[in-house]
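Data first, discussion second: the structure below is written as structure tokens.
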Amino acid sequence: MKPLEYLDRSLMCDGVALADVAAMAGTPCYVYSAKTLRENYRAYADAFGDTPHRVYYAMKANGNLSILRLLAKEGAGFDIVSGGELFRVLKAGCDPSKVVFSGVGKTSAEIDQALEAGIFAFNCESEPELALIDSLTHRRGVKARVAIRVNPNVQASTHAYISTGGKAHKFGIDIDEAEGVYERARAHKSLLIEGVSCHIGSQIFDPTSLLKAVDRVLEFIDKLRGRGFDIRHADLGGGLGVGYKPDDEVPVISEFVAALRARTTGRGLEVMVEPGRSIVGNAGVLVTRVLYRKRTGTKEFVITDAAMTDLIRPALYDAHHEILPVRAAEGLPTICADVVGPVCESGDFLAHDRTMPEAFPGDLLAVCTAGAYGFVQSSTYNARPRAAEVLVDEGVARIVRQRETYEDLIRGE
Ligand code: LLP
């Protein structure tokens, strides 16, 4: 079942009318479907079956505590990229031994914080980082499990800003140079060098590039094992795309996992993945109210109370998000309009030249597939308090983050 469906012309999320949610939480607000979150997580977990595996949800996609808790309950681990994300994971009561720490610029304070918490492993991206983790670990008299993130030099066809696996990218260590890095890392006596990790980008539709990277990583693991490294886990990253347009041909999670299993079975490896968008993307929607209609010259505008501050993906990546009326009235004419927010920039838009049903001031619109990289990338530019977040579970809508207040805006000043 899709997360959003019309019932008697009213757009529903898991049996709750979005109009009712908007009345309760105000607009703009993010609304998430617990059912869809669980379904997406289970699509990964079930497809792995008895293959030793762990699904580390890349919480950068959406770090709301209630979502973390829900996924932890399902058995998820978490891929974090900052001390702040670790703080969230711990606040949500998640098990730190199911956390991997990725990212190209971990500070010593963050590494220390992760050692203190007792995370599963660090995905390391440079030799100085390995040396720093070794020295901080040594000081504590413990050992830290590490994987080195290799860059398999596979170009993923996606937006340039979210492609990470090419030679010119800041991420990982070139796979052709990585053997030497592993050899030199032997000198770090406080490190347990047990993994290899990789991640080549996000919003990838064709799993071929992902699987090409996996093949290179597995080949590399064979080489390392040949040199005596006890490689036990392969972290194959995230990146599976989601459908933003109705006709997008979306990769099927279970088929992708089956391809991973086919490649890894019998290798004595724990297979790890770090999906973010494919777990939470289609589980969320941004509900906004039309403030004004306006026409300038030949352009038609629908001005909404949600802006680039709430959902920056259209402005930043020229991303497409479907926009649906929350109340689908019959016989409305179609318009072609820019859907824009109140922020004082021409870059503030949710859609350009969108063909959509006529929308009037006061109408509610649902900006679809906004669960991933939506709220987490919001800002308070123009002194706009951040939106509320609502989780719908078993037919009950609950505010899981209050709308920010003006007082929130000036905290610390
Ligand atoms: N692992 C690592 C190391 C990552 O850097 C990322 C995403 C993921 C996993 C999860 O990738 P996913 O399964 O979500 O594709 N803000 C952009 C997306 C940035 C992705 C950053 N890294 C957007 O709105 O499209």
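In what follows, every heavy atom counts, from backbone to side chain, and hydrogens, waters and symmetry copies are set aside. Small disclaimer: the values here were computed from a predicted structure and weren't measured. Ligands are counted one by one from 1 in listed order, and the atoms in each one are counted from 1 as well.
Asn123 CG to Cys198 SG: the interatomic distance, rounded to the nearest 0.5 Å, is 10.0 Å. Taking CG of Leu11 as the reference point, atom CG of Leu18 lies at 5.0 Å (rounded to 0.5 Å).
Contacts of ligand 1 (protein heavy-atom distance under 4.0 Å) are Ala58, Lys60, Asp79, Arg149, Ile162, His199, Ser202, Gln203, Gly238, Gly239, Glu274, Pro275, Gly276, Arg277, Arg313, Tyr317, Tyr373, Gln377.
Partners of Thr369 under the side-chain hydrogen bond (donor to acceptor under 3.5 Å, both in side chains) rule, at least two apart in sequence or in another chain, do not exist in this structure. Under the side-chain hydrogen bond (donor to acceptor under 3.5 Å, both in side chains) criterion, Arg216 pairs with no residue, sequence neighbours left out. Checked against side-chain hydrogen bond (donor to acceptor under 3.5 Å, both in side chains), Glu255 has no partners two or more places apart in sequence or in another chain.
Under the 6.0 Å cut-off for aromatic ring centres, Tyr44 and His53 do not qualify, their centroids lying 6.0 Å or more apart.
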